[in-house]
Amino acid sequence: MSTQADAGQPDENTYSFADIEARWPAEWDRLQPFKPADDGSRERRYVLDMFPYPSGDLHMGHAEAFAMGDVVARYYRQQGFDVLHPIGWDSFGLPAENAAIQRNAHPSEWTYTNIETQANSFRRYAISVDWSRRLHTSDPGYYQWTQWLFLRFFEKGLAYRKDSPVNWCPKDQTVLANEQVVNGACERCGTPVTKKSLNQWYFKITDYADRLLDDMDQLRGHWPERVLAMQRNWIGRSEGAHVDFVIEETDGKPAQSVPVFTTRPDTLHGATFFVVAADAPLALDLVTESHRAELEDYRDGIKSLSEIERQSTEREKTGVFTGRWAINPLNGEKLPVWAADYVLADYGTGAIMAVPAHDQRDLDFAKAFDLPVRMVVDTGAEDPAVSGIATTGDGTLVNSGELDGLGKDEAIARAINLVAEHGTGEHTVNYRLRDWLLSRQRFWGTPIPIIHCAMCGEVPVPDDQLPVTLPEDLRGGDLSPKGTSPLAAVEDWVNVPCPQCAGPAKRDTDTMDTFVDSSWYFLRFASPDTTDAPFDTDAVNRWLPVGQYVGGVEHAILHLLYSRFFTKVLYDLGLIGFTEPFSALLNQGQVLNGGKAMSKSLGNGVDLSQQLDKFGVDAIRLTMVFASPPEDDVDWADVSPSGSSKFLARAWRLGQDVTSAPDVDPTTGDRALRSVTHRTVADSAALLQGNKFNVVIARVMELVNATRKAIDSGVGGADPAVREATEAVAIILSLFAPYTAEDLWNRLGHPASVATAGWPIVDETLLVQDTVVAVVQVQGKVRDRLEVSPDITEDALRELALASEQIQKTLDGRGIRTVIVRAPKLVNIVPE
RNA sequence: GCCCGAAUGGCGGAAUUGGCAGACGCGCUGCACUCAAAAUGCAGUAUCGAAAGAUGUGUGGGUUCAAGUCCCACUUCGGGCACCA
């Protein structure tokens with residue numbers, strides 16, 4: 001398209017996005033239309049986009065996500081809300097560290113350069129944020145409060161250290177939380193994860209499992225169902241029982257009681273062996289001396305496997321006998337105790353009773369080691385001992401003593417009662433969710449504010465000594481991953497006096513997972529300049545919960561689960577007055593190219609800044625939003641930014657043809673066009689409530705078409721209705737194409753900014769049409785259309801329909817069985 | 001294997017409580033303007049058929065005066081989880 005008049009001279013009658021983009025930013029900076037008043041004069045609304053990680057410049061994905069969030073923020077502003085719409089950066093993390101190693105620099109250089117680049121791009125992209133609230137999680141003024149919050153968790157026993165086999169990424173040389181392992185590989189770099197036994201910091205998120213689950217009731221209907229489903233699965237609540245099995249005294253090893261978790265206590269009589277997780281300390285504890293060597297060999301073998309290999313369900317079952325025997329508390333049977341890797345150390349109790357007839361994994365193991373199989377629930381299917389297929393359905397209990405004859409559910413209840421009476425078990429709930437491993441052996445993160453003292457143990461850094469800042473003189477190779485934190489090598493940073501006894505002590509040298517930083521940033525935005533607390537409680541309670549949160553589905557579990565957890569803890573600490581941080585969630589889709597995610601390796605990336613240079617900000621924003629419903633993916637190969645550009649020019653040109661004065665009375669204008677305008681405004685509001693942004697744009701296009709028609713071949717540009725329509729176009733367009741809308745508004749003779757012009761007031765009387773088209777069907781097929789008054793009676797419409805020539809022709813003399821009338825829209829005639 | 005979600009023209013997509021399927025846009029075709037082009041405007045564009053008309057929302061059944069929409073069974077695609085006892 002041409003953006004300049006042919007003579008090379010800017011022509012004020014030709015739409016030029018470059019001219020328009022140059023005209024308005026300074027004016028917006030002067031007017032500050034996006035700063036919330038926060039004076040209680042208007043209802044508050046908090047709209048938030050997931051804050052970006054500063055990896056280079058903005059890309060197409062940012063452009064889509066932030067276009068969506070901005071529509072919401074701008075809409076609420078037009079509706080008269082006091083809108084908080086802030087921006088910040090999630091600026092700690094590995095990429096900065098890796099870049100620093102390559103460039104022999106400090107991670108902050110790369111980080112803050114990228115932030116500046118992105119901030120400039122966001123300004124050009126005209127997102128309507130309050131820049132004065134900008135924050136970065138890597139600023140000491142921010143991470144001071146991340147540390148402060150960590151200490152509050154620590155005081156409540158919600159942050160603790162333990163030895164445990166943890167996920168280890170050999171490439172990044174750091175541990176990973178369970179949530180950061182995807183299909184056995186590192187979420188960040190794709191390297192297969194291995195296990196390593198380490199002493200690490202954890203947040204006790206499992207204490208909140210039930211509340212994380214139950215409080216999802218508040219979110220149902222406002223969050224995507226699939227995100228709720230993913231969180232539900234991740235928490236993985238399952239009802240069952242703990243049953244204690246006594247391990248007999250053998251070869252001088254004393255008897256000891258070991259609990260198992262089972263969801264099927266009804267099958268207790270079907271237990272034929274007992275398995276402990278081979279990699280759990282319990283296995284080493286139990287094993288007899290004569291079997292110890294064998295177990296240790298087996299454990300070494302497991303360690304060499306990657307998590308992907310280990311978790312494969314295809315793999316043959318393996319294990320070793322421990323030399324011990326467990327007593328079944330219900331029938332006194334002696335069961336051999338095995339150690340195997342198909343039992344997980346950190347789920348349930350790390351030990352199971354094996355019921356091969358009714359659990360496929362146990363059956364596979366029984367077959368591999370020739371252990372007995374005893375069916376105790378007759379489901380009508382073939383005996384699993386013969387078929388090799390474990391049965392899990394309902395049936396009648398057999399071979400089960402006093403449980404015989406009961407159904408599955410009754411037997412579960414009865415079995416729990418029985419073990420409870422014996423004092424060897426109880427009903428219990430188990431979760432798949434594990435505690436959140438938060439330590440990282442890397443540099444560019446929030447230092448853990450704990451000092452280790454030989455005398456006093458784990459000593460918190462006193463609040464008044466926060467923040468514990470990162471040393472600034474580390475460069476390049478100082479940061480290279482070595483499996484221990486780079487901070488450990490900085491002697492004068494590590495060695496400090498113990499705050500309690502003043503004796504020699506050492507700082508904790510790990511840093512926090514960056515998801516800790518992002519678990520509370522939405523609170524900080526309410527009062528970003530607070531210096532004596534992480535946030536001002538009153539300000540937080542005024543603005544939060546976030547009314548609309550916008551971001552990608554890749555955070556369905558990680559960030560969103562952690563933030564929900566933090567919010568509940570802070571509520572319990574009395575720091576905030578609500579339990580869920582995000583009332584509504586919108587997951588925008590991805591931007592693809594040719595059906596695939598854009599990536600360097602595929603060479604199908606589209607550069608955002610080039611697109612902006614070519615088509616302009618507004619055309620790109622409009623294209624993103626118009627292409628599909630917000631939650632669907634946009635394939636850049638299928639869309640037309642030039643089409644958007646054409647439409648924007650068309651809308652903008654309406655301004656040239658409006659010849660009435662800005663203060664003209666619209667009620668004297670053409671009723672037909674006014675009716676279209678008011679219907680568009682009314683419908684757009686309803687569509688925006690439902691996040692159907694793409695449809696709103698379609699409706700504005702219709703309004704532009706109708707207005708153009710009125711100017712060229714209708715009432716003409718002087719009609720007040722044309723002005724009213726064009727003003728409505730400018731206001732609705734201000735949500736999607738801020739530059740064009742502002743310029744159009746200006747050409748209509750109004751002062752900036754259109755962003756705060758206010759949503760047009762709908763005249764209800766204009767929504768009522770003079771006549772409507774009633775459809776007349778014969779046997780469900782449309783045969784005629786009648787123009788009728790909208791308040792026609794059923795009888796009158798029936799008469800009219802039956803009188804229609806078309807209808808009589810179609811009926812062709814047949815009698816009439818029924819006539820269904822839905823005045824004024826439809827008549828359906830059913831012939832004999 | 002289990003759990004979600006989706007399927008509508010050449011393409012992206014629209015369709016209050018079941019009530020005119022295909023809004024709006026892209027693409028394509030034709031026309032006007034032009035020496036020509038670009039830009040712009042106008043018209044057409046589900047399929048079959050010359051037409052009348054018939055068919056048509058992944059497949060097969062069902063409910064209903066009426067089904068893209070509700071019910072049952074299935075197919076395909078996308079996503080999540082997956083040795084979780």
Side-chain angles (χ1 to χ4, degrees), chain A residues 1-2 6 14-15 182-184 224-234 236-238 240 260-264 267 275 277 310-315 317 340-344 346-355 358-362 364-365 392 430-434 553 556-557 622-623 626-629 631-635 637-644 646-647 649-650 653 683 686-687 690 692 694-705 708-709 712-713 773-785 817-822 825-831:
Chain A
M1 61 166 271
S2 137
D6 287 349
T14 306
Y15 177 80
V182 178
N183 289 325
E225 189 48 49
R226 67 172 165 157
V227 173
L228 295 175
M230 283 161 73
Q231 293 215 355
R232 212 177 294 122
N233 289 342
W234 191 262
R237 181 188 153 101
S238 65
V260 301
F261 174 73
T262 177
T263 55
R264 295 294 304 277
T267 63
V275 190
R310 196 189 122 112
Q311 288 180 3
S312 165
T313 45
E314 310 293 300
R315 223 176 104 233
K317 291 281 181 287
D341 66 352
Y342 87 92
V343 170
L344 307 176
D346 51 2
Y347 182 77
T349 64
I352 63 156
M353 64 173 199
V355 185
H358 306 295
D359 184 296
Q360 191 62 46
R361 296 155 299 176
D362 296 344
D364 293 343
F365 191 85
T392 56
N430 200 49
Y431 300 90
R432 208 189 79 112
L433 182 71
R434 321 277 164 82
V553 74
I557 294 171
L622 193 79
T623 302
F626 182 55
S628 65
E631 56 276 8
D632 287 5
D633 291 346
V634 174
D635 194 328
D638 291 339
V639 298
S640 170
S642 66
S644 299
K646 221 157 86 176
F647 163 70
R650 201 168 134 80
R653 277 198 308 271
D683 290 354
L687 289 163
K692 296 185 173 189
N694 55 326
V695 188
V696 175
I697 294 171
R699 301 303 303 275
V700 187
M701 288 174 169
E702 287 179 285
L703 179 57
V704 168
N705 291 344
R708 173 49 57 197
K709 199 161 247 169
D712 290 348
S713 54
V773 175
V775 172
V776 186
Q777 301 175 327
V778 175
Q779 224 157 355
K781 292 205 166 91
V782 181
R783 298 297 174 175
D784 200 6
R785 292 181 166 83
R817 203 194 316 162
T818 348
V819 181
I820 281 115
V821 185
R822 293 282 178 274
K825 290 172 77 175
L826 173 133
V827 179
N828 191 8
I829 299 163
V830 189

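Order of the sequence lines fixes the chain letters, A, B, ..., with proteins taken first and strands second; residue numbering starts at 1 for each chain.
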message: Less than 6.0 angstrom from the centroid, inside 45 degrees of the normal: does K317(A) satisfy that with respect to the ring of Y342(A)?
response: yes
field: Atom C1', compared across G68(B) and U59(B): separation rounded to whole Å
entry: 15 Å
- prompt: Side chains of N705(A) and R650(A): donor-acceptor distance under 3.5 Å anywhere?
  reply: yes
field: Side chain of I352(A) (C-beta onward), nearest among G13(B), A82(B), A85(B)
entry: A85(B)
Pairwise C1' distance for G22(B) and A36(B), with rounding to whole Å: 38 Å
Nucleotide nearest W234(A) when distance is taken to its side chain, options A85(B), A43(B), C81(B): C81(B)
- request: For V700(A) and F647(A), run side chain to side chain contact (heavy atoms under 4.5 Å, CB included): C-alpha distance rounded to whole Å, both residues' side-chain angles, the deciding distance at 0.1 Å, then the answer.
  value: CA-CA 10 Å; V700(A) 187; F647(A) 163 70; 4.2 Å; yes
message: Using a heavy-atom cut-off of 4.0 Å across all strands, would you classify N705(A) as base, sugar-phosphate, or nothing?
response: sugar-phosphate
message: Please give me the minimum heavy-atom distance between I557(A) and M230(A), naming the atom from each residue.
response: CD1-O, 4.1 Å
- request: Please report the closest heavy-atom contact between D362(A) and V355(A), naming both atoms and the distance.
  value: OD2-N, 2.9 Å
field: Closest nucleotide among A82(B), A85(B), G12(B) to the S628(A) side chain
entry: G12(B)
message: What is the distance, to the nearest angstrom, from the CZ atom on R650(A) to the P atom on A39(B)?
response: 15 Å
- prompt: What is the nucleic acid contact for T818(A), judged by heavy atoms within less than 4.0 Å: base, sugar-phosphate only, or nothing?
  reply: nothing
task: Nearest 0.5 Å please: distance from the NZ atom of K692(A) over to the CG atom of D683(A).
output: 11.5 Å
- request: Could you check how far CZ of R783(A) sits from P of C65(B), rounded to whole Å?
  value: 19 Å
message: In this structure, how many angstroms lie between the P atom of A67(B) and the CD atom of Q779(A), rounded?
response: 11 Å
task: Could you measure between the two C1' atoms, the one in C70(B) and the one in G80(B), and give it in whole Å?
output: 28 Å
- request: In whole angstrom, give the distance that lies between atom CZ of F647(A) and atom C1' of G12(B).
  value: 17 Å
C1' spacing across the pair U64(B) / G18(B), given as an integer number of angstrom: 9 Å
task: Using the P atom on both, measure A6(B) against U16(B) and round to a whole Å.
output: 15 Å
message: I'd like to know if the side chain of N430(A) and the backbone of S238(A) have a donor-acceptor N/O pair within less than 3.5 Å.
response: no
field: Atom-pair distance (OH on Y347(A); C1' on A82(B)), nearest Å
entry: 13 Å
task: Round to the nearest Å and state the distance from R432(A) atom CZ to G80(B) atom P.
output: 14 Å
Nearest-nucleotide pick for V695(A), side chain only, options being C81(B), C26(B), A14(B): A14(B)
- request: Report yes if a side-chain nitrogen or oxygen of R699(A) is closer than 4.0 Å to either non-bridging phosphate oxygen (OP1 or OP2) of A15(B); otherwise report no.
  value: no
query: Can you check whether N694(A) reaches D632(A) side chain to side chain, under 4.5 Å on heavy atoms?
result: no
- prompt: Dot-bracket, RNA chain B: Watson-Crick or G-U, under 3.5 angstrom, [ ] crossing, | other strand?
  reply: (((((((..(((......[....)))((((((.......))))))(((....)))..(((((..]....))))))))))))....
- prompt: Could you write nucleotides 1-9 of chain B as a row of B, S and -, 5' to 3', where a protein heavy atom under 4.0 Å of any base atom gives B, of only sugar-phosphate atoms gives S, and otherwise -?
  reply: ---S-----
- request: Hey, could you give me the CG/CD1 distance between D784(A) and I829(A), rounded to the nearest 0.5 Å?
  value: 9.5 Å
- line: Between L687(A) and D712(A), whichever has its closest RNA chain B nucleotide further toward 5' is L687(A)
Least distance between heavy atoms, T392(A) atom then H358(A) atom: CG2-O, 3.6 Å
task: Determine the Euclidean distance between corresponding P atoms of C4(B) and C72(B); express it in Å to zero decimal places.
output: 13 Å
task: Name the nucleic acid region contacted by N694(A), choosing base, sugar-phosphate or nothing; use a 4.0 angstrom heavy-atom cut-off, strictly under.
output: sugar-phosphate
query: Touch check for P224(A), heavy atoms < 4.0 angstrom, all strands: base, sugar-phosphate only, or nothing?
result: nothing
- prompt: Which part of the nucleic acid, if any, lies within contact of R434(A), taking any heavy atom under 4.0 Å across all strands shown: a base, the sugar-phosphate backbone alone, or nothing?
  reply: base
- prompt: Expressed as a whole number of Å, how far does the C1' atom of G61(B) sit from that of U17(B)?
  reply: 26 Å
- prompt: Between atom NZ in K646(A) and atom C1' in C24(B), what is the gap in whole Å?
  reply: 14 Å
message: Other residues, nucleotides and ligands only: do more than 12 of their heavy atoms fall within 6.0 Å of CZ on R817(A)?
response: no
Nucleotides 16-20 of chain B: which of its N/O atoms have a protein N/O under 3.5 Å away?
unit_1	atom_1	unit_2	atom_2	d
G19(B)	O6	R822(A)	NE	3.2
G19(B)	O6	R822(A)	NH2	3.4
G19(B)	N2	Q777(A)	OE1	3.4
G19(B)	N2	N828(A)	ND2	3.4
C20(B)	O2	R785(A)	NE	2.9
C20(B)	O2	R785(A)	NH2	2.3

statement: For V275(A) and A340(A) the tightest heavy-atom approach is CG1-CB, 3.7 Å
message: Starting the side chain at C-beta, find the nucleotide from U40(B), A82(B), A85(B) nearest to F261(A).
response: A85(B)
task: Check each of V778(A), V775(A), V819(A) against V827(A) using the side-chain contact (heavy atoms from CB on, under 4.5 Å) test, and report the only one that passes.
output: V819(A)
message: Base, sugar-phosphate or nothing for S238(A)? Non-hydrogen atoms, less than 4.0 Å.
response: sugar-phosphate
- request: Applying side chain to side chain contact (heavy atoms under 4.5 Å, CB included), run through V553(A) and R226(A) and close with a yes or a no.
  value: CA-CA 9 Å; V553(A) 74; R226(A) 67 172 165 157; 3.8 Å; yes
query: Which whole-number value in Å describes the distance from M701(A) CE to G13(B) P?
result: 15 Å
- request: Find which nucleotide of RNA chain B each of A627(A) and K781(A) is nearest to by heavy atoms, and output the residue with the more 5' nucleotide.
  value: A627(A)
task: Between G5(B) and A50(B), how far apart are the P atoms? Round to whole Å, please.
output: 45 Å
- prompt: Where does G53(B) fall, syn or anti, if syn means a chi angle no more than 90° from 0?
  reply: anti
